[in-house]
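Scroll down for the structure; my scribbles are underneath it.
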Amino acid sequence: MIEEKSNLDPWYVTGFCDGEAAFTYSRSSSSGIAVYFALRQRKDNQDIVLNIQRFFGGVGNIYFGKEALPTKNSGHTKESVYFRTSKIADLENILGHFDTYPLQSKKKEAYEAWRELVLYKRKHYGKVDKTILEDLAGKVSALNQKSRAFKKHSK
């Protein structure tokens, strides 16, 4: 299936992702660390999420989140749309974009660490050194925390 390319301006995509995207990872039992690029928006912003997925060649998946009422531990959550890709080949496309059209905010540091993690996983596919992988993941976590615009302060 051939994906229709989005006609979004590449700098617009970078700017939008500078504020809204996540360059992160999750722990998985099979490979230890799964890296991914993600973008979540309220459902009424669905078109931009779909256009950004299309911009990146239609890679990854789109998920829809349901509305959730407030609980003791969280606030009201509106319906959302979520784009996520985690295949290394797809992430290389993401890397190519942000290497050509670099992020401008503090998120750039987090991206650089995440980029290093993606490239390490690609180079050592199936034979990663768990210590190196954990060190790289820790660096991504620390820099993602540092790049957050609003931090939760404890009382």
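This structure is a prediction, so every number in the text was calculated from the model and none was measured.
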- Do Y82 and I94 share a hydrophobic cluster (ILVMFWY, side-chain heavy atoms under 4.5 Å, transitive)? no
- Message: Are F83 and L50 connected into the same hydrophobic cluster when the rule is that any two of I, L, V, M, F, W, Y join if their side-chain heavy atoms are below 4.5 Å apart?
- Response: yes
- Verify whether one side chain among Q41 and E20 offers a donor that lies under 3.5 Å from an acceptor in the other. yes
- Query: Do R40 and S80 meet the criterion of a side-chain donor-acceptor pair at a distance under 3.5 Å?
  - Reply: yes
Spell out, as yes or no, whether a donor-acceptor pair under 3.5 Å connects the side chain of [X] to the backbone of [Y].
{"X": "Q53", "Y": "V59", "value": "yes"}
{"X": "W114", "Y": "Y36", "value": "yes"}
{"X": "K43", "Y": "E67", "value": "no"}
{"X": "K107", "Y": "D18", "value": "yes"}
{"X": "Y111", "Y": "L95", "value": "yes"}
{"X": "D90", "Y": "T85", "value": "no"}
{"X": "T14", "Y": "Y101", "value": "yes"}
{"X": "N61", "Y": "R84", "value": "no"}

- When F37, F55, F16 are each screened for ring-ring contact (aromatic ring centres under 6.0 Å, His included) with H97, the one that passes is F55
- Message: Show the nearest heavy-atom pair for residues P102 and D99, with the distance to one decimal.
- Response: CD-O, 4.3 Å
- Item | Considering all heavy atoms, the nearest Y25-A137 contact | CE2-O, 3.3 Å
- Measure from the ring center of F23 to the ring center of F98 and say whether it is less than 6.0 Å. yes
- Item | Pair D44-K78, salt bridge (Lys or Arg N to Asp or Glu O under 4.0 Å): steps then yes or no | CA-CA 10 Å; D44 59 354; K78 295 187 178 203; over 6 Å; no
